[in-house]
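Notes to accompany the following structure.
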Amino acid sequence: MSAEKKWVYMFEEGDATMRDLLGGKGAGLAEMANIGLPVPPGFIITTEACLAYYEAGEKFPPGMWEQTLSALKVVEERSGKRFGDSKDPLLLSVRSGSKFSMPGMMQTVLNLGLTDETIKGLIELTGNERFAYDAYRRLVQMFGHVVLEIEARRFESVLERVKEDKGYEVDTDLTTEDLRAITEEFKVIIEEEKGFAFPQDPYEQLRLATAAVFGSWNIKRAVDYREFHKIPHDLGTAANVVTMVFGNMGFDSGTGVAFTRDPATGEKELYGEYLLSAQGEDVVAGIRTPKPISQLKEEMPQIYAQFAEICERLERHYRDVQDVEFTVERGKLWMLQTRTGKRTARAAVKIAVDMVKEGIISKEEAVQRIEPSQIDLLLHPAFDDRAKLRALEDDRFLAKGLNASPGAAVGVAVFDADTAQEWGAAGRPVILVRPETNPDDVHGMLQAQGIFTQRGGATSHAAVVARGLGKPCVAGCEAISIDLEAKTFSVNEKVVREGDYISLDGGTGEVFMGQIARVEPKWEKEKELQTLLSWADKFRRLGVWANADYPRDAQRAREFGAEGIGLCRTEHMFFEEERRPIVVKMVLAEDEEERKALLDQLLPFQREDFEGLFEVMDGLPVIIRLIDPPMHEFLPPREELLEEVTRLRCTGQDPKRLAEKEKLLRVVESMWEVNPMLGLRGCRAGIMYPGLTEMQVRAILQAACRKAKEGIEVHPEVMIPLVGHVNELKVEREKLEKVAKDVMAEEGIEVDYKFGTMIEIPRAALTADEIAKYAEFFSFGTNDLTQMTYGVSRDDAEGKFLLQYVERGILPENPFQVLDREGVGQLMRVTVERGRSTRPDLEIGICGEHGGDPSSIEFCHQLGLNYVSCSPFRVPIARLAAARAALGEVERDK
Ligand code: PEP
Ligand code: MG
C-alpha cells in the first residue's frame, strides 16, 4: 500500500515557504512556531485537502479526518487540556487562509468545543460565568450563521431585542442571565431552521466547521474578490485549527493588531491599536474605541517589551514590515498572525532605504521592492484620499477619461487657450478644457494647472505636452459634450460652466466637480527616493535621457537624473508668437530668394534656443530633431479661412484683405492632405522645402561652436525624422553634413557631432542595415511606429475604439502606452540586429512615449538599447525601471 497522503501539518512541520499548501496564515503561524515565538498550539489542514473535498463532492478525502484527530491529540498534550472535557476543556478556532490574503472574504468559527457540558469546566476554571456564557453565545451564533447558513439577522435581532427591553446601550451591559437566555434562544432558532439541535458533540462541531471553512472558498463574495484581484480560483483554502486564547478574560487580558513600522510614513515605530478585556472582533468592529499601541507600554510594560522584541525579530526574520495580530490571555502574550504589511508609496521607499541602512536587506532588494508606479505617486500632487472619497459620496464625480499624465489638478474650467493664459497669468488656477489641443493652445496649457480633452489618446498633443510639462491631463473623455460657444461642458445632467471649479486626477482619469484637497510633493525633499535611485543607477545598463524642448525642461530633467536629451522637438520654436508670422511667410514664399531671407530671420531664434539647451546639458549628448509635423499645421486652419473669405466676399468691404486671404486659402488648399500624418512631414518637408533644414542645422552647429568656445562641452546629434527609404536619409544627410562642416570652418572650431535618424516607419526597421550606413544613431519613434505597424491613428483610435478594445479584452493593453512586444517589438528587434550588423557601435535609443513606461523599458533593456528617453517627470521612474530590468535578468540567470 502506498503511504497515505499527508493532509494535516502540525505548526512545527511547516514553514514560510509553504504558502501554496498551508495558505498565508498557516505558513505564518508555522514559521512563528518554528522560530520559537509564542503561538497557541495548533495544526493546518491543507489547501490540497480543500481541493480534494470539492473533487469528492464536498466530502473529506480519505485519511484527512483521522489525521485531524491525531493532530488534535498532540494539541491536547501540549496544552494540557482535552477537547470535550467537562473539567478542563480545550477550545478551538477554525480559520480560513489561502495563499493570497483575502481579508474578511472567507469564514472563521471561534470557541469550538463549548457544549452544555464543557461550559461547566470553563466556568470552574475561569471563575467567570459571564465570560463563559458570552463565549458560548458567540459560538452558537457563529455556528448557526457560518456553518448552518442561517441568516445573521435572526440572531442579531434577538440581541437587539434583549438590549432594548432591558434598556442596555452596549453588548457588555448584558448580564450572565441574559447571555444564558440568549444562548438558549439561539439554539431554538437552529432547531427551527434546521430541524436538528446545535451539536453537543465537539467533534461534530469541528467536522462541520472545517467543512464550512472549505466551503467558504466558493461563497459569492470570495469568488468576486478573486475575480477583481485576478487571484486564480483553483488554489483552495487551508483550515487552521488553533487553540483558543481569550483576550476578554479581564483587565490582564487584551487583544490588538499592529504594524512593525508606520505603514503611512514608514517611520520605524510600532503602529497599531489594542483593547483590554476584548476579543479580536471588538477591535475590528469599532464598538469600542481602541487605544494606540504606544499606550500598552504604560498599561502592560512587560508585555509591551516582549511584544516589541517579537516584532523586531519578525521583521529581521521576514526581512520586511509585518502586520501582526496578538492576544494577551491573563498576562501571557500569544501571537496569532503575521503577514507582510501593506504600505503607502512613501512608506515603501522609506522602509526599503532604512532597511538597507539597518543591514536587513541589500540595495538590490530595496530597488526591486519598489514598483516604478509608486514613484509616480510620490512625484505628483495627489488628492487627499478622504477628500476624494467625500467627493464621490457627494455625487461630484463627472466622468472618466484616459489617464494621460499623472497628478491631481484643481482649477476653474476655461474653454480657450487665451483665457487660460490670461486668467492663469493673473494667478487664477485654471483647467483648460478643449475638444482636443494643438500647438496653438500651448500658451494656455503653460498657464493651466491641468488639461482635459474630449478626444485624443496617450500620444495626442495634449497628453505629450502635459507629460512634458509635468501637468496632470485627462484625455479622450468622450463621455462629455463641450459647447465652445456657450463655454460649458456637460455629462449626464451635470453642467460645468466657465469659471466653475473642477478637479482632475491624471493618474486615474477621473474628473470631479468642485475642489478636492491635495497633498503636494517636493523633489528636493525626497531624500530617501534620491538615495534609492542612486543605488538603482549602479545596477542599470540602460541610459536614461529626457525629451525636452526648452532649457527649463532640460534643467529639470537633469535634476531628476537625465543623462542626455533624447528628443528636442524643434517645431515648437516655429509656433511662438514673434516667429510664427515669419514661418507663415516662409511657407508661402514664391521664390527661393524670399524663402532664404525669411529663413535667415528665423535662424537667430533657433540658435538661441539651442544655445540654452547646450548650456544646461554641458557634457551630455543633445539630440535635436529637425522639423517634423505636416507643413500645413503652420498655416491658419482651412475652415477659418473659408469662413473669412466668404464673409469678405459677401460684404465686399475690404477687397485688399479679400485678395490676401484668397491667396492664402489657395495655398492652404493646395497643401491640404487627406491623410496629413502620412503626408508632407518629417524628412519629406526637409527635402521639399529648400533651405529649411539647412537653416536648422546651421543654427544647431553655430550654437554648438559658440558654446564650445565658451568652454562648454557640447555633443549635438542631428536627428532626421520619418525616414522610410535610405535615399531620403542619404540626400538629407549629405546636404546637411556639408552645412555642418561649413559652419565649423566659419566658426573656426570643431565640435563632436553625429547624424542619425528616427525609426518610425516599418520599412525603415526592415531595412535598418541599409539605413545604418548613413546614421550614427537610431532613435525609435514608437508613437509613429505603433501607429504605422498597427495601422491605427494615434490621434483618433483611443477615443473611438482602442480603449474599448482593451476593456473588452480584444487587446491586452493600449499599445500607445505599453509597447506591443510581439508586433512593434519584433520590428525593433530586427532593427537592432540589422542596424548593428552594419555598424556595431550604432547608438540606439527610444524617444516615443513608451520610453517612460516600465514594461516597455524592460523590453528596451532586453533588446540591448543604449538608452530610453522620456519626459523629465518620468526620468526617476525610468531610472528605477531600468535597474529593475537589469536585476530581474540577473535573478533569472541564477
Ligand atoms: C514618435 O513618433 O514616437 C516620436 C517621438 O515623434 P512624434 O511623437 O513627435 O511624432
Ligand atoms: Mg514621430
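Order of listing sets the numbers, starting from 1, for every ligand and every atom in it. Numbering of residues begins at 1 and proceeds along the displayed sequence. Because the structure is predicted, anything quoted here is derived from the model rather than measured.
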Rounded to 10 degrees, what angle sits at the Mg ion (ligand 2) between D784 OD2 and E760 OE2?
100°
Side chain, backbone, both or neither: the part of [X] lying under 4.0 Å from ligand 1 by heavy atom:
X    : value
R569 : side chain
D628 : side chain
T782 : backbone

Quick one: does [X] get a heavy atom under 4.0 Å from ligand 1?
X    : value
R681 : yes
M758 : yes
R794 : yes

Pairing donors with acceptors under 3.5 angstrom, does anything connect the side chains of [X] and [Y]?
X    : Y    : value
D769 : T838 : no
E776 : Y753 : no
Q787 : D784 : yes

W545 and Y867 aromatic ring geometry - parallel, tilted or perpendicular at 30°/60° bounds
parallel
Does E571, backbone or side chain, put an N or O under 3.5 Å from an N or O of ligand 1?
no
Geometry only, no angles: is E760 polar-contacting ligand 1 at N/O separations under 3.5 Å?
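Right, the criterion is met.
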Could you list the atoms of ligand 1 found under 4.0 angstrom from a heavy atom of [X]?
X    : answer
G781 : 1 (C), 2 (O), 3 (O)
C847 : 5 (C)
L567 : 5 (C)

Quick one: do Y774 and F755 satisfy ring pair (Phe, Tyr, Trp, His ring centres under 6.0 Å)? Show the steps, please.
CA-CA 8 Å; Y774 298 93; F755 272 94; over 10 Å; no
Do R821 and E813 meet the salt-bridge criterion of a basic N to acidic O distance under 4.0 Å?
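Not counted as a salt bridge, because no side-chain N and carboxylate O are separated by less than 4.0 Å.
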Looking at K730, I'd like to know if its NZ atom is crowded, meaning that more than 12 non-hydrogen atoms belonging to other residues, nucleotides or ligands lie closer than 6.0 Å.
no
Atom 6 (O) of ligand 1 [closest protein heavy-atom partner, distance rounded to 0.1 Å]
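Looking at atom 6 (O) of ligand 1, the protein heavy atom closest to it is R625 NH1, 3.0 Å.
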H850/T786 under side-chain contact (heavy atoms from CB on, under 4.5 Å): CA gap, chis, key distance, verdict
CA-CA 10 Å; H850 304 89; T786 301; 3.6 Å; yes
Looking at R839 and K773, would you say the former's side chain and the latter's main chain have a donor-acceptor pair under 3.5 Å?
yes
